[in-house]
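Residue numbers count from 1 along this sequence. Just the heavy atoms: all of them, side chains too, but no hydrogens, waters or symmetry mates, feed the values below.
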Amino acid sequence: RTASILLDAPSKVLTLEGQRVDWLFPHANAAGYYRWKTPEASMSALATKAVDVLTPAERLAFIGNLGALFRNGTIHGDAYLDILGGFASDPDPQVLSTMLGALGQIRTTFDSLENRTAFAGYLRRTIGPALDRVGFTPKDGESERITTLRPELLTMLGTSGDDERVWSFVREQLPKYLENASAIHPTLAGTIVTMSAARGDEALFEEYRK
């Protein structure tokens, strides 16, 4: 159900009809510039059902609002990760890309030697299945948004998620690229070269210089 209200005072109470709801989304159609907060359990419940009950635009607005709550300290990092994880199975590449950006934000904020292993495990569990869905290499006829999402997934799962599947793929692809650049899809070349450099040695550095 959808209820509309004009907020014509500093605060207002809206009584909803029917049984008690598990969640509500106070930004229908993402049609406005609002910041909102509901109980964390409610936001988590909505995130897990978002694909079925919210439009892609509403899901993007949800993630954006969640990031704002995190940045100003309204919700803690653990709640942020819990709720954000509900979007990992989203079929829309733009929503997934936005989620990856949000995960990068929390990594920038809290990355340390003490929690790096735990965060890497979270990434493998949460967004690893998304890479399984899109695959490691482009497919004929796939949407451009999927093609551009793939390098983002590979980079985050490899560099922050320490996903050995990704590193094995990178190690396998780099010699092909160095021998013949056209052997690797152009959307993956930069990712493979950059990630390989992160774990490269002096010999690889000399190879890159050539």
Partners passing side chain to side chain contact (heavy atoms under 4.5 Å, CB included) against N72 (at least two apart in sequence or in another chain)
T74
Tell me whether T48 contacts the main-chain N or O of A45 through its side chain, where contact means a donor paired with an acceptor under 3.5 Å.
yes
Taking the hydrophobic residues Ile, Leu, Val, Met, Phe, Trp and Tyr, and joining any pair whose side-chain heavy atoms are under 4.5 Å apart, which ones share a cluster with F205?
none
Return the minimal non-hydrogen interatomic distance between R35 and A68, and the atom names on each side.
NE-CB, 3.2 Å
Mark yes when over 12 heavy atoms from residues, nucleotides or ligands other than Y208 sit less than 6.0 Å from its OH; otherwise mark no.
yes
If we ignore hydrogens and angles and just use 3.5 Å, is the side chain of H27 paired with the main-chain N or O of E58 as donor and acceptor?
no
Which atom of G161 lies closest to which atom of L123, heavy atoms considered:
N-CD1, 3.8 Å
Could you go step by step and tell me if D162 and R124 meet the salt bridge (Lys or Arg N to Asp or Glu O under 4.0 Å) rule?
CA-CA 8 Å; D162 200 23; R124 292 194 299 272; 5.1 Å; no
Can you tell me how far apart CD (Q173) and CD1 (I184) are? Round to the nearest 0.5 Å.
4.0 Å
Here the gap from I63 atom CD1 to I83 atom CD1, rounded to the nearest 0.5 Å, amounts to 11.5 Å
Within the 4.5 Å heavy-atom criterion, are T109 and R71 side-chain neighbours or not?
no
As an exercise, state the distance from CE of M99 to CG of L153, rounded to the nearest 0.5 Å.
9.5 Å
Quick one: CG on L100 to OG on S160, what's the gap to the nearest 0.5 Å?
10.5 Å
Side-chain contact test, heavy atoms from C-beta onward, threshold under 4.5 Å: evaluate it for W36 versus M43 and give yes or no.
yes
Using only atom types and a distance under 3.5 Å, with no angle test, would you say the side chain of R150 pairs donor to acceptor with the backbone of V134?
yes
Just by modelled atom types, is the D78 backbone N or O under 3.5 Å from a matching donor or acceptor in the H76 side chain?
no
Does T155 reach the side chain of V166, with side-chain heavy atoms less than 4.5 Å apart?
no
Side-chain donor-acceptor pairs under 3.5 Å in residues 126-133, sequence neighbours left out?
{"from": "T126", "atom 1": "OG1", "to": "Y122", "atom 2": "O", "distance (Å)": "2.7"}
{"from": "D132", "atom 1": "OD1", "to": "R165", "atom 2": "NH1", "distance (Å)": "2.5"}
{"from": "R133", "atom 1": "NH2", "to": "A88", "atom 2": "O", "distance (Å)": "3.1"}

For F25 and R59, what are the C-alpha separation, side-chain angles and deciding distance, and is it a side-chain contact (heavy atoms from CB on, under 4.5 Å)?
CA-CA 10 Å; F25 182 66; R59 302 198 299 271; over 6 Å; no
Please report the interatomic distance CZ(R171) to CD1(I192), rounded to the nearest 0.5 Å.
12.5 Å
Any chance you could lay out the side-chain contact (heavy atoms from CB on, under 4.5 Å) test for E172 and F136, step after step, and finish with the verdict?
CA-CA 12 Å; E172 177 186 281; F136 282 74; over 6 Å; no
Show the nearest heavy-atom pair for residues A57 and A30, with the distance to one decimal.
O-CB, 3.7 Å
Apart from V21 itself, what residues make up its hydrophobic cluster when side-chain heavy atoms of I, L, V, M, F, W and Y under 4.5 Å apart count as a link, directly or indirectly?
none
Just wondering, do F119 and D111 contact through their side chains at under 4.5 Å, heavy atoms?
no
Cluster overlap L46 with V51, hydrophobic side-chain contacts below 4.5 Å:
no
Give a yes or no on this: more than 12 heavy atoms of other residues, nucleotides or ligands lie within 6.0 Å of atom CG of D140.
no
Do you know the tightest heavy-atom contact between A102 and L84?
CB-CD2, 3.7 Å
To the nearest 0.5 Å, atom NZ of K12 lies from atom CG of L6 at 6.0 Å
What heavy-atom pair brings G104 and M156 nearest, and what distance separates the two atoms?
N-CE, 3.7 Å
In the hydrophobic cluster built from side-chain contacts under 4.5 Å, what are the other members alongside I5?
L14, L16, L24
Run the numbers on F87 and F62 for ring pair (Phe, Tyr, Trp, His ring centres under 6.0 Å), then give the verdict.
CA-CA 10 Å; F87 293 91; F62 189 152; 5.2 Å; yes
Taking all non-hydrogen atoms of both residues into account, name the closest pair between L178 and E207 and its distance.
CD1-CG, 3.8 Å
Under a 4.5 Å side-chain heavy-atom rule over Ile, Leu, Val, Met, Phe, Trp and Tyr, are L69 and Y34 clustered together?
no
Do D82 side-chain atoms and S44 backbone N/O form a donor-acceptor pair below 3.5 Å?
no
Among T148, T147, L149, which residue satisfies the side-chain contact (heavy atoms from CB on, under 4.5 Å) criterion with P93?
L149
Suppose we screen for salt bridge (charged side-chain N to carboxylate O under 4.0 Å, His left out). Which residues come up paired with R209, at least two apart in sequence or across chains?
E206
